[in-house]
Amino acid sequence: MVTREIMNFVAGDSTGIVEFERWNPADPSDLVSVSAWSKPPDVADAVLAAVEAQPSWANTPPAARGTVLMNAADHLSGKHEEVARDLTREEGKTLAEARGEVRRAIDVLRYFGSAGWHVGGDVLPSGFPNTMAYTRREPLGTVGLITPWNFPIAIPAWKLAPALVSGNSVVLKPAELTPVSVQHLLDALTQGGLPAGVLNVVHGAGSVTGTALVGDSRVAAVSFTGSTAVGRQIRDQMEARAGRVQLEMGGKNALVVLDDADPARAASVAAVGGFGATGQACTASSRVICTPGIYDRFVDELAKKARDYSPGNGLHDGVLMGPVVSEEQLATDVGAIEQARTSGGEFAVGGTAPNGLLLDPTVITGLSHGHPVTTDEIFGPVITVLRANDLDEAIQVANDSKYGLAAGICTTSLASAQEFSNRVQAGVVKVNRPTTGLDLNVPFGGVKASSTNTFREQGSVAVDFYTWSKSVYLGWD
Ligand code: NAD
């Protein structure tokens with residue numbers, strides 16, 4: 001299989017020296033890429049290129065900016081299968097999941113491409129004579145985007161598309177582990193007609209490359225998706241220089257299962273939400289809260305379903321769950337499993353030693369709410385099942401969390417579903433559906449330690465973060 005060399009991309013040129021190796025997490029003989037490893041001066045060059053390119057891009061008619069995104073979607077569509085295979089090789093998720101993610105990136109480009117025709121301001125009646133008032137959305141200038149490895153093409157796409165269509169230039173710092181997926185997106189945009197300098201990409205360590213990007217005062221705003229710990233550092237850096245910041249971070253997403261639910265259906269919802277993408281989704285159903293009448297039947301059904309998720313190479317047919325992304329992530333997963341074991345946790349399924357980076361889906365019971373394994377994000381195929389006496393207690397347990405990203409409920413009662421949706425503290429609520437899986441046209445984001453909870457991503461509101469509103473009074477005599 002081909003090893004890709006992934007350079008930085010600055011002012012339309014490939015730059016930097018490649019040195020960071022990424023090996024396929026399912027196949028230790030497959031070197032997927034060697035990518036650039038940037039220093040602060042590389043970041044400064046990228047920011048300069050973006051700053052210089054921005055005025056001309058902002059003066060390009062919005063519909064023409066949108067056409068570039070539409071063209072990029074066509075290019076990506078033309079190599080859908082190649083991109084999906086590369087994504088599976090570098091991230092590990094199954095080919096079906098990778099195909100879906102690439103499809104999402106294409107659709108996001110089209111959605112925001114069409115926004116070039118209709119994102120605008122309002123015309124308002126003025127109280128002054130012979131005067132009209134209207135608002136304009138102005139781009140912020142140059143923005144920095146920092147993205148994680150778990151959705152390596154969809155997340156960059158859903159940040160880049162609203163940023164670019166609004167007339168901003170961009171410096172993107174992708175995750176170290178997944179540079180190839182971003183390169184495909186960059187190639188599509190370049191082939192789609194994006195002028196040099198409007199999008200610049202710098203690869204490298206978060207603590208060096210990312211910190212330099214956030215610290216550059218020419219970068220008007222930073223949109224970040226990743227862990228809460230890193231997000232908080234970025235927030236502090238941006239607040240110190242009064243820059244705009246958007247953070248989408250971790251989660252410990254509760255799925256409540258009430259007595260009136262069908263246990264097998266609820267188990268399917270939990271398995272898709274907890275083991276899909278190897279549990280490495282910010283919205284993963286990582287803790288299930290069951291009422292007493294369904295607890296045992298639900299756990300039995302979930303253990304049965306979990307057997308379908310026997311881990312394997314995501315490129316192979318029939319594999320529903322790929323490997324854990326890295327040794328580092330595996331250590332976190334195994335550490336949590338061992339912590340649960342030491343505390344008297346029981347394993348309805350899993351809890352077994354990994355085989356390389358292949359970790360069995362794991363369902364832990366017998367821990368009390370408040371144990372760190374039930375409250376801290378693990379980010380692996382590990383579900384803990386907790387007990388609650390009734391809906392009221394289940395909502396209390398769900399809300400007793402530092403996080404507030406996604407939450408779900410399985411019930412046949414409309415009243416219970418509505419009460420849960422009203423009271424649960426989460427940015428996304430799903431009823432009888434997995435906590436994972438979102439529409440691209442619906443606003444997305446969390447509350448509490450999961451988000452800055454100011455600007456939402458996705459949907460038409462996504463452009464709010466990348467623009468500011470100007471009010472114009474146009475008078476005549
Ligand atoms: P991470 O925080 O380690 O890294 C995310 C990005 O930040 C990477 O590009 C990394 O290089 C960069 N980075 C690291 N340190 C930095 C620093 N000091 N300054 C600037 N940038 C820095 O996260 P990860 O391991 O890549 O991703 C997993 C995490 O992402 C999980 O916590 C998950 O919940 C979260 N996530 C959240 C969402 C969401 O929308 N809420 C979506 C996907 C993933």
Side-chain angles (χ1 to χ4, degrees), residues 20 22 35-38 40 43 90-91 93 101 104 144-159 171-179 181-182 201-216 219 222-238 243 245-253 277-286 324-333 376-380 401-406 426-428 435-438 440 442-453 455-458 462:
F20 181 82
R22 174 59 177 157
S35 59
W37 204 242
S38 309
V43 177
E90 70 174 357
E91 202 273 351
K93 65 180 60 174
E101 187 181 337
R104 173 53 54 99
L145 308 180
I146 301 179
T147 53
W149 46 261
N150 67 329
F151 289 94
I153 196 163
I155 293 179
W158 81 52
K159 290 183 191 296
V171 178
L172 168 63
K173 203 307 254 176
E176 297 87 318
L177 300 180
T178 50
S181 299
V182 161
V201 180
V202 281
H203 297 277
S207 55
V208 178
T209 314
T211 304
L213 180 59
V214 177
D216 194 314
V219 175
V222 170
S223 178
F224 164 87
T225 298
S227 62
T228 298
V230 171
R232 285 186 166 154
Q233 286 176 39
I234 292 174
R235 178 200 58 196
D236 292 348
Q237 249 185 302
M238 291 303 283
V245 63
Q246 175 181 53
L247 309 172
E248 290 305 334
M249 304 175 281
K252 188 77 179 179
N253 309 292
T278 320
Q280 299 170 147
C282 53
T283 51
S285 313
S286 43
V324 172
V325 75
S326 65
E327 293 288 350
E328 194 186 5
Q329 181 59 55
L330 184 72
T332 304
D333 300 352
D376 295 346
E377 184 181 54
I378 299 169
F379 220 55
S401 169
K402 57 192 165 207
Y403 297 112
L405 191 53
V428 177
T435 51
T436 52
L438 302 162
L440 62 88
V442 177
F444 171 62
V447 294
K448 303 200 274 189
S450 294
S451 173
T452 27
N453 192 17
F455 298 95
R456 289 299 190 220
E457 298 202 279
Q458 311 208 40

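Remember, it's 1-based here, ligands and their atoms both numbered in the order they're listed.
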A.B. asks: For G210, counting its heavy atoms only, list the atoms of ligand 1 lying under 4.0 Å from any of them.
C.D. replies: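 Per the distance check, 19 (N), 20 (C), 21 (N).
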A.B. asks: Any nitrogen or oxygen of S450, side chain or backbone, less than 3.5 Å from one on ligand 1?
C.D. replies: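 Between S450 and ligand 1, no N or O pair is found under 3.5 Å apart.
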A.B. asks: Less than 4.0 Å between atom 4 (O) of ligand 1 and some protein heavy atom, yes or no?
C.D. replies: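 Within 4.0 Å of atom 4 (O) of ligand 1, no protein heavy atoms are found.
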A.B. asks: For ligand 1 and W158, I'd like to know whether there is a polar contact (N/O to N/O, distance under 3.5 Å).
C.D. replies: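 In this structure, W158 places no N or O atom under 3.5 Å from an N or O of ligand 1.
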A.B. asks: Report yes if the side chains of I146 and V222 come closer than 4.5 Å at any heavy-atom pair, otherwise no.
C.D. replies: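 Yes, their side chains come closer than 4.5 Å.
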A.B. asks: Of the listed options (G445, S207, P148), which comes nearest to atom 27 (O) of ligand 1 when hydrogens are ignored and any heavy atom counts?
C.D. replies: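 Heavy atom nearest to atom 27 (O) of ligand 1 belongs to P148.
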A.B. asks: Within the structure, is a non-hydrogen atom of W149 found at a distance of less than 4.0 Å from ligand 1?
C.D. replies: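 Right, W149 reaches ligand 1.
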A.B. asks: Mind telling me whether W37 and F20 have parallel, tilted or perpendicular rings, with 30° and 60° as the class edges?
C.D. replies: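 Taking W37 first and then F20, their aromatic rings lie parallel (interplane angle under 30°).
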A.B. asks: I need the atoms of ligand 1 closer than 4.0 Å to a non-hydrogen atom of P174, numbered in the order shown.
C.D. replies: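 With P174 as reference, the close atoms of ligand 1 come out as 9 (O).
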A.B. asks: Mind checking side-chain hydrogen bond (donor to acceptor under 3.5 Å, both in side chains) for T225 and listing every partner two or more places apart, or none if nothing turns up?
C.D. replies: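 Counting only residues at least two positions away or on another chain, T225 forms a side-chain hydrogen bond (donor to acceptor under 3.5 Å, both in side chains) with K159.
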A.B. asks: Considering heavy atoms of the protein only, find what lies nearest to atom 31 (C) of ligand 1 and give residue, atom and distance to 0.1 Å.
C.D. replies: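 Here the nearest protein heavy atom works out to E377 OE1, 3.5 Å.
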A.B. asks: Run the ring pair (Phe, Tyr, Trp, His ring centres under 6.0 Å) test against F455 and tell me which residues pass, sequence neighbours left out.
C.D. replies: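 For F455, the residues satisfying ring pair (Phe, Tyr, Trp, His ring centres under 6.0 Å) (neighbours in sequence not counted) are F465.
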A.B. asks: Quick check: closest heavy atoms across K448 and Y403, and the distance to 0.1 Å?
C.D. replies: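 Smallest interatomic distance, heavy atoms only, reads CE-O, 3.3 Å.
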A.B. asks: Would you mind running through ligand 1 and noting each atom that sits below 4.0 Å from a heavy atom of A175?
C.D. replies: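 That gives atoms 9 (O) of ligand 1.
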A.B. asks: I need the atoms of ligand 1 closer than 4.0 Å to a non-hydrogen atom of L405, numbered in the order shown.
C.D. replies: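 Near L405, the atoms of ligand 1 are 41 (N).
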A.B. asks: Just checking, any donor-acceptor pair under 3.5 angstrom between side chains of S285 and T435?
C.D. replies: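 Yes, side-chain donor-acceptor contact under 3.5 Å.
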A.B. asks: Among E101, E91, Q280, which one satisfies side chain to side chain contact (heavy atoms under 4.5 Å, CB included) with F151?
C.D. replies: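 Single pass found, and it is E101.
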A.B. asks: Could you tell me, atom by atom, which parts of ligand 1 come under 4.0 Å of a heavy atom of K173?
C.D. replies: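 Near K173, the atoms of ligand 1 are 9 (O), 10 (C), 11 (O).
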A.B. asks: For a quick test of reading the model, state the closest non-hydrogen atom pair linking W149 to Q329 and the distance between them.
C.D. replies: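 Heavy atoms of W149 and Q329 come nearest at CZ2-OE1, 4.1 Å.
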A.B. asks: Step by step, work out the side-chain hydrogen bond (donor to acceptor under 3.5 Å, both in side chains) result for E90 and S181.
C.D. replies: CA-CA 8 Å; E90 70 174 357; S181 299; 2.6 Å; yes
A.B. asks: Which atoms of ligand 1 are found less than 4.0 Å from any heavy atom of V230?
C.D. replies: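 It comes down to these atoms of ligand 1: 2 (O), 13 (N), 14 (C), 15 (N), 16 (C), 17 (C), 22 (C).
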A.B. asks: Applying a 4.0 Å heavy-atom criterion (strictly less than), which segment of E176 is in contact with ligand 1: side chain, backbone, both, or neither?
C.D. replies: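 The answer is the side chain of E176.
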A.B. asks: Could you tell me, atom by atom, which parts of ligand 1 come under 4.0 Å of a heavy atom of Q233?
C.D. replies: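 Heavy-atom distances to Q233 below 4.0 Å select 18 (N).
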A.B. asks: For atom 7 (O) of ligand 1, which of I155, I146, L177 has the closest heavy atom?
C.D. replies: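 Nearest heavy atom to atom 7 (O) of ligand 1 lies in I146.
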A.B. asks: Closer than 3.5 angstrom, by distance alone: can the side chain of R104 be matched with the main-chain N or O of L438 as a donor-acceptor pair?
C.D. replies: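 A pair under 3.5 Å: yes.
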A.B. asks: Using a strict cut-off of 4.0 Å, indicate which atoms of ligand 1 neighbour a heavy atom of F224.
C.D. replies: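 Every atom of ligand 1 under 4.0 Å from some heavy atom of F224: 2 (O), 5 (C), 6 (C), 7 (O).
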A.B. asks: Just need the protein heavy atom nearest to atom 13 (N) of ligand 1, so name the residue and atom and give the distance.
C.D. replies: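 Scanning the protein heavy atoms, the shortest distance from atom 13 (N) of ligand 1 goes to G206 CA, 3.4 Å.
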A.B. asks: Quick check: does T147 get an N/O under 3.5 Å from an N/O on ligand 1?
C.D. replies: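 Yes: some nitrogen or oxygen of T147 is under 3.5 Å from one in ligand 1.
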A.B. asks: Hey, is T209 touching ligand 1 through its side chain, its backbone, both or neither, going by heavy atoms under 4.0 Å?
C.D. replies: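 It is neither part, as no heavy atom is under 4.0 Å.
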